[in-house]
Amino acid sequence: SAVISQKPSRDICQRGTSLTIQCQVDSQVTMMFWYRQQPGQSLTLIATANQGSEATYESGFVIDKFPISRPNLTFSTLTVSNMSPEDSSIYLCSVVLIQGGEQFFGPGTRLTVL
Amino acid sequence: SQKIEQNSEALNIQEGKTATLTCNYTNYSPAYLQWYRQDPGRGPVFLLLIRENEKEKRKERLKVTFDTTLKQSLFHITASQPADSATYLCALAYDNAGNMLTFGGGTRLMVKP
């Protein structure tokens, strides 16, 4: 398995501001993903974080709103830009060590936008 | 589009009994399927992975079955304990290379002493 940490664990932000969430893994991984879990809902994939290139976004998510970086095999950031109360969610990063293998999740970042 | 259904109603069982949770999907079969446990305010914890060519997988008190004809996976917890109370999520991967998961809505399990 992999040990995944996320920073911050939670935050309360004002409308119109941006927040950057960090995801750090204790070993090199093949793939990293970012998910969103809105209150009472299941997980929805935002994007695949690609090392050294632009992330691959799922339908309904765009780079201007959720810019993602992945400078190396163990670290990624997700920024939630120009936030509104609808962005209040838990944001989770996940990793896959080997293609076709198990996917492990970080503890999540709980974001509240006022 | 693919649809994944888990019973949205909570499952209440008595300690010591076997809990059985269901995950149904529509359209084409996934390459593999994963089950997770999620506690309130925490990220999902990986439990088991089963591939399309596997019928059954076991790990301690956990058992997963995968029926591609019925388009269904069953998740069993034997000798259930109050500590097993949580939400259980199934997630399907349709691409062996991509690993992108589509999640069901989850089923909340309550084990009463």
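The model shown is predicted, which means the values in this text are computed figures rather than measured ones. Chain letters run A, B, ... following the sequence lines, proteins first, then strands; residues in each count from 1.
The local environment of CD in B:E60 is sparse, with at most 12 non-hydrogen atoms from other residues, nucleotides or ligands closer than 6.0 Å. Remark: A:R10 CZ is loosely packed, at most 12 non-hydrogen atoms of other residues, nucleotides or ligands lying under 6.0 Å away. Dense packing is recorded around CD of B:E54, with more than 12 heavy atoms of other residues, nucleotides or ligands lying under 6.0 Å away.
The minimum heavy-atom distance between A:Q103 and B:F46, with the atom names listed, is O-CB, 3.9 Å. Across A:L92 and B:G43, no two heavy atoms sit closer than the pair CD2-CA, 3.6 Å.
Looking at A:Q41, there are no atoms closer than 4.5 Å to chain B (heavy atoms on both sides), in backbone or side chain. Both the backbone and the side chain of A:L43 come within contact range of chain B, judged by heavy atoms closer than 4.5 Å. Contact annotation for B:Q6: neither backbone nor side-chain heavy atoms come within less than 4.5 Å of a heavy atom of chain A. For A:Q37, the part lying near chain B is the side chain, with the backbone staying farther off; criterion is any non-hydrogen pair under 4.5 Å.
B:L101 CG to A:Y35 OH: the interatomic distance, rounded to the nearest 0.5 Å, is 4.0 Å. Here the CZ-CD1 distance, from B:R42 to A:I90, works out to 11.5 Å after rounding to the nearest 0.5 Å.
Residue A:M32 is grouped with residue A:L97 when hydrophobic side chains (ILVMFWY) are merged at heavy-atom distances under 4.5 angstrom, including chains of intermediate members. Residues A:L111 and A:F61 fall within the same hydrophobic cluster, defined by Ile, Leu, Val, Met, Phe, Trp and Tyr side chains chained together at heavy-atom separations under 4.5 Å. Put simply, A:I63 and A:M83 are part of the same group of oily side chains (I, L, V, M, F, W, Y) that touch within less than 4.5 Å, one to the next. Taking hydrophobic clusters as Ile, Leu, Val, Met, Phe, Trp and Tyr residues chained together by side-chain heavy-atom distances below 4.5 Å, B:V45 does not share a cluster with A:V29.
In this structure, A:F105 has its ring center under 6.0 Å from that of B:F103.
When side chains are defined from C-beta on, B:I4 does not count as touching A:S42, because their heavy atoms never get closer than 4.5 Å.
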